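Working notes, beginning with the structure itself.
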Amino acid sequence: MTTSKIRVRFAPSPTGPLHIGGMRTALFNYLFAKHHGGDFLLRIEDTDQTRYVPGAEAYIMEALDWCGIIIDEGPREGGPHAPYRQSERKDLYAGYAQQLIDTGHAYYAFDTPEELESNRMTAEANGETFTYNVTTRAGMRNSLTLPKGEWHALLSSGQPYVVRFRMPDNEIVAATDLIRGHVQFNTDLLDDKVLFKSDGMPTYHLANVVDDHLMEITHVIRGEEWLPSMPLHVLLYRAFGWESTMPQFSHLPLILKPEGKGKLSKRDGDKLGFPVFPLAWKDPVSGEVSRGYREDGYLPDGFINMLSLLGWNPGTEQEIFSMDQLIESFSLDRVGKSGSRFDPEKTKWFNHQYLIRQTDSELANLFIPFLQSKGVKVQFELVARVCGLVKDRCYFVNEIWEQGFFFFQAPASYDEKIVSKRWKDGVPEMMAEIAKFFGTVENWSAPQIKEPFSQFVTEKGWNFGTMMNSLRLCLVGSSFGPDIFGICEIIGREETISRIEKAVQIIAIVP
RNA sequence: GGUCUGUUCAUCUAAGGGUUAGGAUUCAAGAUUUUCAUUCUUGCCAUAGGGGUUCGAAUCCCCUACAGACUACCA
C-alpha cells in the first residue's frame, strides 16, 4: 500500500443527461476525495461512438458546476494526465490490448456478430444462455482455436476482429469492496469479455482499467450495477501486473423508483411527476424536453443535501448539511448496502429548509428574474422585503409569486368561495366606509393602522373577523397571505384605498 | 435460467449481542396565526418468514420468501 494522495474519478458516458443516480455517484466521489484532501477527476467515457449524444458532455459539466462539485482535472480543466476524454486517448489502448495478447491473457476473436447471435439463439432455444467462455470458446473462431497460420492470415487480410479477455479456468477471484466487504466469484461463471472492439475502440472494461491506472486513481466509487464486473477488472489489473496499485473498489447501492419496481431510470422523469435530472434537458433528436431540478426552482445546496442522504448517513441526527459539512462528515463506511427508494416529497422539504435559510436579499436575487418574466417593475428593496415576509410559506422560489403577487399588482379576480363566504349584505358599504376611514389614518405603518382600525370597527359595532377577512379579500383576492396590516403598509395608502373601492364596485353580492 | 447483492415504520434511516427499537419525511389530531401557510406539540406506524448459536439476537449462522443488479463488439 502506498500512501499516495487520494484520487477518484467520475467517469460518465456522454449518452445523455446525468440523472439523480449519476449525480449521487459524482457527489460521493467528490465528498470522499475532498474529505481526504484528494483530487476529483472527470473522465468522459465516450468509447461507444454509436451512442454519443451531442451536448451531453457540456450538460454533465454544467450539472456538476451547478451542484458546486469542483473538478480538479477533466476535459475542460486539463491536468497532468490529459486528455480526459477517452476518444482522444484512442491510440493508447491498442498497445495495452497487445500487451495482454502477448502475455496470453487475451486473444483475437473473429466471430461475426451474426455468428454470435445465432449461438445465442440456439442456446436460448434450449433454455440456456450462451456465454463466450472456457467451454464454448473451443468451438469459436479465435486465435486460441484456429491454427496459427490461419488466424495470422485473417489478421493480415484485414478481417474484422475483437480482442477478448481469456478468463482463467476455475479460479476464485476475491476482492474487498469498501462498502460490501469480501466478495468473491468463480471465473468459470464469467465470460471472455470483449476488451477491444472491431472499430478500433476499447470497451469500457479495458479503457476504464487502463485509464484508472494511468491516472493514478486510488478509489473506484461507482454504482452497484458494476459489481458483477469487479472480478474482470481485478483480473485485468493482475494481468497487467498492476495489482499493487489497484484501486480500492466501492459499489454504491442503487437508487430505486419511488413506487413500483426497479432502479430509477432516465425515462422515469416526467412520468412520475418529478424531475430525474439536475438540469432541464432537450433531447437533440426528438426535441423532447425533460424537467430539471434547477429549472423547477430547487436550490442546488438542498438538492445536494437530499442526494447525500440517499444511501449515506452521518450517524448523528443532523440532517441539514452544507457542502463543507458534508465533506467534513462523509465516510464510505457509513454508506449503506441496500437500495434506496427515491422520495420526491422529502426533496421538497429539503428545498423548503434551504429556502427559508436564504437571506432576503439572496432570495430577491433569485426571484427577480421570475418577476421580470411576469413583466413586473422591480424595486430591489421591495422585493427583498416581500421575500422575507413570505419565504416561510414557500417551498420553491417561484411560489413567492403565488404567495405574494398582491404586493406587486392588484388582484385580477376574487376567489369565489371566499366571496360567497364574506361578501354578505352590507359588507360592501362597510368596506367603503373603511376605505374612507383609511384616508384619515395619520401614520401609514402596520401597527399604526391596526390600532385605529380595530377602534373604528369596534365603535361601529361591526364583526371584527368579518372586516379583517373582507379587507383581505379586497387586497389579496383570496384568504391567504401574511399579516393584513403589513400588506396595507407595503402597498401604500393610496393603493389600499383604491383596491377596496375597486372591490366594492366589482364584487357582486351573494345573497 | 445462471451469477452476484440486498431485506428495520408507507419512505430515508439509527441502534458496531443487552434501550420502552431512536430520528426525519409523509399522514392524522391539537396549539399558535381573527386568513392561509409556516411553526410548535402530540399521535399512528417497523426488525420479511422459519430454524439455529446464546443467559440474551434487528445485530452472528442456515434455509425459505421477496426485491434488485448483471448476464452486448453499451457504459
Side-chain angles (χ1 to χ4, degrees), chain A residues 11-15 45-48 50-51 86 109 111-113 116-117 120 123-124 126-132 160-164 177 179-180 183-186 188-191 193-205 207-208 222-231 251 253-254 256 258-259 261-263 306 309-320 333-334 336-350 352 356 390-395 399 403 418 422 454 463-473 476 478-484:
Chain A
S13 118
T15 55
E45 309 225 324
D46 54 351
T47 52
D48 185 0
T50 63
R51 293 213 307 161
Q86 288 183 330
D111 319 280
T112 64
L116 290 170
E117 186 54 30
R120 284 195 192 95
E124 200 171 322
N126 297 329
E128 290 162 2
T129 309
F130 173 77
T131 38
Y132 208 117
Y161 66 91
V162 300
V163 175
R164 284 183 182 270
D177 180 292
I179 293 171
R180 277 149 225 284
V183 182
Q184 62 178 47
F185 303 81
N186 187 313
D188 278 358
L189 282 341
L190 271 19
D191 63 337
K193 276 271 179 297
V194 171
L195 300 177
F196 200 80
K197 300 183 272 188
S198 58
D199 66 357
M201 279 290 213
T203 60
Y204 168 82
H205 303 289
N208 189 263
R222 74 222 310 191
E224 189 185 325
E225 66 269 25
W226 292 109
L227 192 55
S229 49
M230 182 164 75
H251 291 91
L254 264 12
L256 279 10
E259 50 207 36
K261 297 177 176 183
K263 70 168 180 176
M306 172 279 293
L309 262 12
L310 234 41
W312 171 83
N313 79 83
T316 65
E317 278 173 6
Q318 183 177 352
E319 286 212 284
I320 303 296
D333 45 60
R334 291 213 65 92
K337 296 186 179 80
S338 52
S340 323
R341 218 172 256 275
F342 177 69
D343 182 4
E345 283 306 315
K346 196 143 184 180
T347 310
K348 287 182 191 167
W349 177 81
F350 270 113
H352 175 69
I356 60 180
V390 302
K391 67 180 177 186
D392 276 354
R393 54 222 298 128
C394 296
Y395 280 69
E399 280 179 357
Q403 293 296 330
I418 309 301
R422 303 289 177 199
S454 58
N463 180 290
F464 193 73
T466 307
M467 289 304 104
M468 289 285 280
N469 288 309
S470 302
L471 179 56
R472 182 174 292 279
L473 178 65
V476 174
S478 190
S479 73
F480 65 89
D483 175 58
I484 192 67

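Below, chains carry the letters A, B, ... as their sequence lines are ordered, and counting in each starts from 1. Since this is a predicted model, take the numbers as computed values, not measurements.
Using the Watson-Crick or G-U wobble rule with both distances under 3.5 Å, rC9(B) pairs with nothing in any strand shown. Within the shown strands, nothing qualifies as a pairing partner of rA14(B) under the Watson-Crick or G-U definition with both distances less than 3.5 Å. With a cut-off of 3.5 Å on both pairing distances, the Watson-Crick or G-U wobble partner of rA28(B) is rU42(B).
The side chain of Arg120(A) approaches rC73(B) more closely than any other nucleotide in the set rA75(B), rC73(B), rU71(B). The listed nucleotides are rA69(B), rU71(B), rU3(B); the one nearest the side chain of Thr131(A) is rU71(B). The listed nucleotides are rC12(B), rC4(B), rU35(B); the one nearest the side chain of Asn469(A) is rU35(B). Closest to the side chain of Arg51(A), out of rC73(B), rA75(B), rU38(B), is rA75(B). Residue Tyr395(A) places its side chain closer to rU38(B) than to any other of rU38(B), rC4(B), rC70(B). Across rC36(B), rU3(B), rU71(B), the shortest atom-to-atom separation from the side chain of Phe480(A) is found for rC36(B). Considering only the side chain of Arg393(A), rA37(B) comes nearest among rA37(B), rA75(B), rU25(B). Here the nucleotide nearest the side chain of Ser198(A), chosen from rU5(B), rC12(B), rC73(B), is rC73(B). Checking rA37(B), rU35(B), rU25(B) against every side-chain atom of Trp349(A), the shortest atom distance belongs to rU25(B). The side chain of Thr47(A) has rA75(B) as its nearest neighbour among rU71(B), rA75(B), rU38(B).
OP1 or OP2 of rU13(B) has at least one side-chain nitrogen or oxygen of Ser340(A) nearer than 4.0 Å. Residue Arg164(A) places at least one side-chain N or O closer than 4.0 Å to OP1 or OP2 of rC73(B). For rA72(B), the OP1/OP2 oxygens have no side-chain nitrogen or oxygen of Lys197(A) closer than 4.0 Å. Distances shown here put a side-chain N or O of Arg334(A) below 4.0 Å from the OP1 or OP2 atom of rA15(B).
One cannot find a donor-acceptor pair under 3.5 Å joining the base of rC73(B) and the side-chain atoms of Thr203(A). Below the 3.5 angstrom threshold, one finds a donor paired with an acceptor across the side chain of Thr129(A) and the base of rG1(B). You'll find a donor-acceptor pair under 3.5 Å spanning the side chain of Lys346(A) and the base of rA24(B), going by distance alone.
Comparing the C1' positions of rC66(B) and rA48(B) gives an interatomic distance of 8 Å, to the nearest angstrom.
More than 12 heavy atoms of other residues, nucleotides or ligands shown are found within 6.0 angstrom of CD on Glu117(A).
Between Tyr204(A) and Trp226(A), the ring planes lie parallel to each other; the angle is under 30°, not in the 30° to 60° tilted range.
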